[in-house]
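In what follows, a structure is listed as structure tokens, so that the remarks can point back to it.
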Number of protein chains: 2
Amino acid sequence: MHSYTEENYLKAIYRLSNKTDKGVSTNSIAERMETKASSVTDMLKKLSEKKLINYKKYQGVTLTKKGKQVAVSIIRKHRLWEYFLVEHLNFNWDQVHPVAEELEHIKSELLIERLDEFLNYPKYDPHGDPIPDKEGNFPIPSRIKLTEMSKGQKSVILGVMENAASFLQYLDKLGLNIGTEVKVVEKHNFDNSIDLLINNKQTVHVSHEVARNIFVSN
Amino acid sequence: MHSYTEENYLKAIYRLSNKTDKGVSTNSIAERMETKASSVTDMLKKLSEKKLINYKKYQGVTLTKKGKQVAVSIIRKHRLWEYFLVEHLNFNWDQVHPVAEELEHIKSELLIERLDEFLNYPKYDPHGDPIPDKEGNFPIPSRIKLTEMSKGQKSVILGVMENAASFLQYLDKLGLNIGTEVKVVEKHNFDNSIDLLINNKQTVHVSHEVARNIFVSN
DNA sequence: ATTATTTTTTAGACTTATCTAAAAATATTT
DNA sequence: AAATATTTTTAGATAAGTCTAAAAAATAAT
């Protein structure tokens, strides 16, 4: 069907598409895939021939319906496996990504349906990212960035934008996890950092950079 | 580390080694891998350079200690995944092989250790094949072929030698599964077929070809 | 022990995905 | 708008794994 590599390109293009409404540039793909622009161009031609992307030279690319379907199905597999690893094999949330990166390419349809059933159709992965269903529909998330909360407001952490292990470990250290209750005690204008009261117990200080990578319930 | 393809060659050589005490021939590998002898030769050179096999031109190959370790670890992963698929995802025993064939190449050490723990350290896969432990040691099997049973003897089915889906489905139809109690009612000399009483209920007739692919407890 | 057959290896070509270096197109600056 | 800089594409090479066709070695047959 599609090669491991093709699937990874489609996934990368999908992710980048969500950040702009224009076409995705060759360089941005190269950067994300940690490869060279010339390699990207070669692959774009191939994906275009397979009708997985819309591609005109120098114009940037968008996914076709078919391409989007493939991308979403890979993301679905990735997140279901992450959920499995954390819930059943006792992985930490900062350990699952590289393993799921491999598991997401296992081909069997039956496997992923049965896994979904076994896990009881989870809606969010361990990082709080939404898991699309079999038809490719995402659960409607009602969440805002932590930076958008106002002073005195209370909320619950739903997920993160950045999945790097180092970031997740830092959050663990601060005591910030999925489900943690937070209240904005103070917002500092000079650097946009925030003082948070967590679970009505201790207070922690988070930088703007950290806060903008955390989603809370709305 | 080792490529998907290298791992498959090592697995094939390991399996073939168990059938002869001489070195494994190029042609036999080619047949098993459904590839051409010339491709096999190329790969043998590569595996030899990596010290995974002992190879001298025209002589046939054997696995080195290192090569055997890799092969056994792949088999371990394959069988643990098969067990998972049948026990937790409700796969039938004739559906698991192709999926496990992919899953066995997932690299994470932690994954397979945790999976083993989650499954409660099973000793046999759904086909009755022994699962080596982390150190590569197989459980000592005490089993004989169904063809070796004598008239009147009672026993329990422990496993099969042939894993083709069509064969497994045929066994299902006959009512023969892992754990099924069988008693040899009659052995027919002219074609070596056997009449079996299963679970003290119905009697079935199995050909020599079928019987020699079934393992029973000793 | 020579010939014939089978097995195995070599040589050269193809495919997929990658790279470097250079050319072409687009964007930015003055 | 001309010059400069950036982005993207092309051309040609490389590595892994495969293939066909032919050569070399080993085995079997007369």
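In what follows, every chain begins at residue 1, and chains take the letters A, B, ... in the order their sequences are listed. These numbers come from the heavy atoms of this one structure, side chains and all, not from hydrogens, waters or symmetry mates. All values reported here derive from a predicted model rather than from experimental measurement.
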Under 4.0 Å between a side-chain N/O of K57(B) and OP1 or OP2 of dA26(D), yes or no? no
Taking 4.0 Å as the cut-off, does a side-chain nitrogen or oxygen of S3(A) come that near to OP1 or OP2 on dT16(C)? no
Figure out the OH/P separation between Y4(B) and dT16(C), and round it to whole Å. 17 Å
Length of the line joining K22(B):NZ and dA26(D):C1', which is rounded to integer Å: 13 Å
Would you say dT9(D) has OP1 or OP2 under 4.0 Å from some side-chain N or O of T41(A)? yes
N or O in side chain of Y9(A) less than 4.0 angstrom from dT16(C) OP1/OP2: no
Taken to the nearest whole Å, NZ/K56(A) to C1'/dT26(C) is 16 Å
Heavy-atom pair with the smallest gap, counting every atom of I131(B) and P139(B): O-CD, 3.4 Å
Can you check whether K36(B) has a side-chain N or O nearer than 4.0 Å to OP1 or OP2 of dA21(D)? no
Nucleotide dT18(D), atom C1' - distance to NZ of K45(B) in whole Å: 14 Å
Classify the nucleic acid contact of S39(B) as base, sugar-phosphate or nothing, counting any heavy atom under 4.0 Å across all strands shown. base
When the distance from CD of Q59(B) to P of dA24(D) is rounded to whole Å, what number comes out? 19 Å
OP1 or OP2 of dT6(C) less than 4.0 angstrom from a side-chain nitrogen or oxygen of Y58(B), does that happen here? no
Walk me through it: do F84(B) and L89(B) pass the test side chain to side chain contact (heavy atoms under 4.5 Å, CB included)? CA-CA 7 Å; F84(B) 170 71; L89(B) 301 193; 3.7 Å; yes
N27(B) side-chain N/O to dT6(C) phosphate OP1/OP2 under 4.0 Å: no
Whole-Å distance between dT18(D) C1' and E6(B) CD? 15 Å
Check the distance between dA21(D)'s C1' and D42(B)'s CG and give it to me in whole angstrom. 14 Å
Quick one: does S38(A) reach the base of dT18(C) with a side-chain donor-acceptor pair under 3.5 Å? no
Take atom NZ of K151(B) as the centre, draw a 6.0 Å sphere, and report whether it contains more than 12 heavy atoms from other residues, nucleotides or ligands. no
Distance from L80(B) atom CG to D133(B) atom CG, nearest 0.5 Å? 10.5 Å
Identify the two heavy atoms, one from S108(B) and one from E102(A), that lie closest to each other, and give their separation to 0.1 Å. N-OE2, 4.5 Å
Just the rounded figure in Å: distance from C1' of dT7(D) to CD of E31(A). 13 Å
